[in-house]
Number of protein chains: 2
Amino acid sequence: MPTPPPAVTRAATLGDVAQEAGVSLATASRVLNGSRKVAENYRVRVQAAAERLGYTANLSAQTTARGTSAVVALLVADIADPYFGQLAAGVTRAAEAAGLITTIAITDRDAERELRLVRTLRGQRPRGIILATSRDASDPAPLARELEAAVAHGARVVTLGAGVAGSQVVPIDNLAGARALGTAVAGLGYRSAVVIAAAEGVRTSDDRVAGFTEGFTTAGGSAPRVVRAGISRDAGYTAAAALLAEGLDEGTLLFGISDVVAIGAISAVRDAGRVPGADIAIAGFDDIAAGRDIVPGITTVTVPLEALGAQALEAAVSDDWDGAAALPLEVVLRDSTPRR
Amino acid sequence: MPTPPPAVTRAATLGDVAQEAGVSLATASRVLNGSRKVAENYRVRVQAAAERLGYTANLSAQTTARGTSAVVALLVADIADPYFGQLAAGVTRAAEAAGLITTIAITDRDAERELRLVRTLRGQRPRGIILATSRDASDPAPLARELEAAVAHGARVVTLGAGVAGSQVVPIDNLAGARALGTAVAGLGYRSAVVIAAAEGVRTSDDRVAGFTEGFTTAGGSAPRVVRAGISRDAGYTAAAALLAEGLDEGTLLFGISDVVAIGAISAVRDAGRVPGADIAIAGFDDIAAGRDIVPGITTVTVPLEALGAQALEAAVSDDWDGAAALPLEVVLRDSTPRR
DNA sequence: CGCATTAGCGCTACACCAGGT
DNA sequence: CACCTGGTGTAGCGCTAATGC
């Protein structure tokens, strides 16, 4: 008759398992979490004991002993934003596949908060830290210092998009993507445009503005006006509403720096009694999944968010990361920018 | 002249700080992470040393020593889904406020996967485990066993919505919400409806179907047909497309078990050349943020996702959680269900 | 009272050794 | 007798908290 179901109220430790199996601590360790091979009969005995006790290795103890952890920390601006949601999904899936655990923190686009969070995360001695929070105009030095310290702790720091000193970069070619978009819409016959962007200094925004401007003007459009709003749905809505209130010519293209901004703008246009697409054309960036169900379909630039997330994880954990080239971004023309 | 900037390449340990400050390990510990008070002059000395060395406590070491961790594990079906995104935002924000770190894992609605993940998470010896993954018809026993073990490890298990044995429950009154919705749309004049739901056995779905049916029939509607699809945008699209193909009377109401399902259905209706709202009415559930920008506006039931997330965290960490009552869900009528 | 000393927390990995060829 | 294979003993990871002075 087997040992009765363990009446443990505290967690079973490796020692418990070893005792139960009648082997040494070291042997049990090797069977369950180690590398060196162990004789068959010992192995099954240990595994049976572990099973019986419902043993699960204490990760923190393992981490302190090994000096290296199994967590990857992900910093995003806002996890409720679909952009970061898709990104996080990519990172988390890839992490799981690699046997790692993902930890998430939210910066709310606040540089100081980001700094504090990195400091906290550093305490976890994570294997990697992935920064998916837009770089803005604030002083990068403190963050760089913090990241440097993390690297000293053995972490790898990866930034998505605009890099930061001392980190590996998973590039997003916003410039080229936006340029292609500008060219494409100019090719559709648009000659005047307004860009709804974030504050100056926000790298992602700046790149997209610059790229779009370049492509649009080169292909025959006039230099677009740039209004500074933000990078959220509400920012897009508010900015577009203000523009409409002050008067916007029909046939003007509104380029929202991201799809969520563009979606907000579409709603504003509609709420102002105009027809998005027909009266006021609109374009976005990112091609988020939620965009599929918006009417009119949004002309945008596809950013492979999940793939980028996976790439970031790869960069964060593999020792021989080749600093892959930026994934290609593609322009998708839809009904929000009908040919003129 | 102060000590030159530390040329540490490895992480500074508490011992380093103690030495640098010229105090004992214990004193340094108490100053930086402990509770007991330490004389002023020692305190400043230690803090200065820590600052100088860029010291951050090693969380895993702290955890092994203390026997209790600062992490809360969150299990969601799919973080890219806005429903879970908003929920995760609520949990994470509240966790941060409580000085805790959130760990995220994705089940992809796979019960076996969920089981594996809980097992892994258990290894972290988290303070709490929050399950935000729909309960389905699969055998709950293995999961219950796993959770029990987690509880034995000192974790608190919280489930959102349908509870699971041995866990605390943050209720979501899907039944009442759906009933109110059914009543409301019947009040608008609808008499026939089709529900696009998940497979039988999925608790959230079952409750919403039952509640809706009850409210709808009681208020004069005929018993709705229920089609089984899934709980994603694509499931909604596909199911609605199939329904339309086989013929759907004008004035029929399509109730998608969640907003994402309803949004998919709206797109399907439109793609079939019908007018959502006017020809085919549609209702959803959750009132996700993305719904605001869908045309027509979706009639739905507001579920305070962020607040629920915060509540779940509260339940997971506070010792005297009073098992709060379910937050009220409110029906919001919009253009997708015009009065008939 | 207020500090230092030190025994653990659960685990890993290194050093070591028993027996077979 | 060296040499391998496959066990055991134990120091130590960074930190906390009980005890001592």
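Computed over heavy atoms, backbone and side chain alike; hydrogens, waters and symmetry mates excluded. Lettering of chains follows the sequences in order, A, B, ..., and the numbering in each one begins at 1.
- Between the CG atom of Leu32(A) and the P atom of dT12(C) there is a distance of 9 Å, given to the nearest Å.
- When the C1' atom of dG14(D) is taken as reference, atom CZ of Arg122(A) falls 15 Å away, rounded to whole Å.
- Rounded to an integer number of Å, the gap from His153(B) NE2 to dG10(C) C1' is 12 Å.
- Going from atom CG of Leu14(A) over to atom C1' of dC9(C) covers 13 Å, rounded to whole Å.
- Both Arg43(A) and Leu25(A) lie near DNA chain D, and the one whose nearest nucleotide falls closer to the 5' end is Arg43(A).
- Note: Glu146(A) CD to Thr120(A) OG1 = 9.0 Å, rounded to the nearest 0.5 Å.
- Thr204(B) and Ser134(B) form no side-chain donor-acceptor contact under 3.5 Å, judged by distance and modelled atom types alone.
- Of the candidates dC11(C), dT8(D), dT12(C), the closest approach to any side-chain atom of Ser29(A) belongs to dT12(C).
- Residue Thr64(B) holds its OG1 atom at 12.0 Å from CD of Gln62(A), rounded to the nearest 0.5 Å.
- Formation of a donor-acceptor pair under 3.5 Å by the Arg203(B) side chain with backbone atoms of Arg135(B) is not found in this model.
- When the nearest nucleotides of DNA chain C are assigned to Arg125(B) and Val38(B) by heavy-atom distance, the more 5′-ward of the two goes with Val38(B).
- Taking only side-chain atoms of Arg66(B), from C-beta outward, the nucleotide of dA17(D), dT8(D), dC11(C) with the closest atom is dA17(D).
- Atom-to-atom, CD of Glu40(B) to P of dG2(C) comes out at 12 Å; the value is rounded to the nearest Å.
- Each of dC11(C), dT8(D), dC15(D) was ranked by its minimum atom distance to the side chain of Tyr42(A); first place goes to dT8(D).
- Set against dG9(D), dG14(D), dT16(D), the side chain of Thr64(B) has dG14(D) as its closest nucleotide.
- Taking every side-chain heavy atom of Ala65(A) into account, dG12(D) is the closest of dC3(C), dG12(D), dT8(D).
- Rounded to a whole Å, the CD atom of Gln62(A) is 16 Å from the P atom of dG14(D).
- Nearest to the side-chain atoms of Arg30(B) among the listed nucleotides dC15(D), dA4(C), dC13(D) stands dA4(C).
- The nearest whole Å value for the distance from the CG atom in Leu59(B) to the C1' atom in dT16(D) is 13 Å.
- You'll find the side chain of Arg109(A) stays beyond 4.5 Å of the side chain of Glu114(A), heavy atoms only.
- Of the candidate nucleotides dC11(C), dG6(D), dA4(C), dG6(D) has the atom nearest to the side chain of Lys37(A).
- Using a 4.0 Å heavy-atom cutoff across all strands shown, Thr13(B) reaches sugar-phosphate atoms only and no base atom.
- Inter-axis angle, ends of the helix from dG2(C)-dC21(D) to dT21(C)-dA2(D), five pairs per end, rounded to 10 degrees: 60°.
- OP1 or OP2 of dC15(D) has not a single side-chain nitrogen or oxygen of Asn33(B) nearer than 4.0 Å.
- For the pair Leu87(B) and Leu305(B), the tightest heavy-atom approach, listed with the atom from each and the gap, is CD1-O, 3.3 Å.
- In the model, Ser24(A) has a side-chain atom that pairs as donor or acceptor with a side-chain atom of Thr27(A) under 3.5 Å.
- One interatomic measurement links the two molecules: CG of Asp16(A) to C1' of dC11(C), which rounds to 13 Å at whole-angstrom precision.
- Between the side chains of Arg113(B) and Thr107(B), not a single donor N or O lies within less than 3.5 Å of an accepting N or O.
- Taking only side-chain atoms of Ala26(A), from C-beta outward, the nucleotide of dG7(D), dT10(D), dG10(C) with the closest atom is dT10(D).
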